Amino acid sequence: MSVINQSRTTVRSGVELDIDRFGPHFGAQVSGIDIASASDDQVRAIRAALVEFKVLVFRGQQLEDAEHIEFANRLGDLTTGHPVHDSGTDVPEQMYSLDSADNGFADVWHTDVTFMERPPLGSILRPVVLPPTGGDTNWADAELAYLSLSEPVRGLIDQLTAVHDGNREFGYYLKHKRGGKGNTWDGREVTELTPVRHPVVRVHPETGRRAIFVNPGFTSHIEGVSDAESRGILDLLYAHLTKPEHIVRHRWQLGDLVLWDNRNTLHYANRDYVDFDGGQRRIMHRVTLRGDIPVGLTA
Ligand SMILES: O=C(O)CCC(=O)C(=O)O
Ligand SMILES: [Fe+2]
């Protein structure tokens, strides 16, 4: 990740963190912390920084799955790795393994698991195998994108509700690869993916700030408007969310650990390494923190 400004700053929550911001709005690298031996005060400061900066990068950590999970457990309650994806028996059930050799890619802008009623609060990701170059991950700031819309368009979308449907991505997989038996999510075994409704503008439960909460990965349509209007509004929001000014990009190294707030960001992993030199492999391990039911302005 290129550092746009050099301003070192600290978050005030009992302990100072060495923060190098990626730009004026969101994203930061945190230095000087050993995740595996972080103190309670440091963990509290990281939790506060996650809300402040939305995307946090730690380098040089070299964690195993168990340490990755242990750290996540200190930040919040964990979900299972994924509602339907089977990451195999080599990883703990809280871990989602995304392996390019197993067709695991994330080259569609999305927010994690918004097709469930209670999407994760945040995600914590580390690379296990990386290609020599490529496979960078990008995040978009959906709060900044909301703020940079014109006031009349904000007023329009404030009122709207969208439907999120996991069948588009995982329906076939759940039915035919898993025989209709997914994983446990939010205390229930997932046997089908019933579309869910979420506000198009989500109010962040910790800051009260508004963010655009639709994504091309899982949002199927906007309710109560025509198909053409739904497509038009979603296309407008997707083009706006993914403007370069709203994005930070991370170039991975082994030993990295990245946390993001999944309530007000989208992300996209570049699939640019696969077609070169006969294909390179990339494996990422993720755990997700249990979130709340998204709330809009009129709920
Ligand atoms: O592979 C990546 O960089 C991101 C994968 C992804 O979408 C996720 O872990 O939620
Ligand atoms: Fe994701």
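We use all heavy atoms of the structure for the numbers below, so side chains are in, but hydrogens, waters and symmetry mates are not. All ligand and atom numbering here is 1-based and tracks the order in the structure. Positions are given from 1, in the same order as the sequence printed here. Predicted model, so just to flag it, every value in this text is computed and none were measured.
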Set of ring-ring contact (aromatic ring centres under 6.0 Å, His included) partners for His198, sequence neighbours left out:
His164, Phe213

For Asn270 and Thr137, does a side-chain donor sit closer than 3.5 Å to a side-chain acceptor?
no

Output yes when Arg74 and Asp40 qualify as a salt bridge under the 4.0 Å nitrogen-oxygen rule, no when they do not.
yes

Pair His267 + Trp260: ring centers closer than 6.0 Å:
yes

Check whether any side-chain N or O of Glu229 sits under 3.5 Å from a backbone N or O of Ser226 as a donor-acceptor pair, and report yes or no.
yes

Is the number of heavy atoms from other residues, nucleotides or ligands within 6.0 Å of CD (Gln94) greater than 12?
yes

Tell me every residue that passes side chain to side chain contact (heavy atoms under 4.5 Å, CB included) with Glu67, counting only those two or more places apart in sequence or in another chain.
Ala36, Leu63, Glu64

N/O donor-acceptor pair under 3.5 Å between Asn183 side chain and Gly81 backbone
no

For the Fe ion (ligand 2), how many protein N, O or S atoms lie at less than 2.8 Å?
3

Mind checking what residues have non-hydrogen atoms under 4.0 angstrom from ligand 1?
Leu98, Ala106, His110, Asp112, Leu125, Thr137, Trp260, His267, Ala269, Arg282, Met284, Arg286

Are Leu266 and Val196 in one and the same hydrophobic cluster, where Ile, Leu, Val, Met, Phe, Trp and Tyr link if side-chain heavy atoms are under 4.5 Å apart?
no

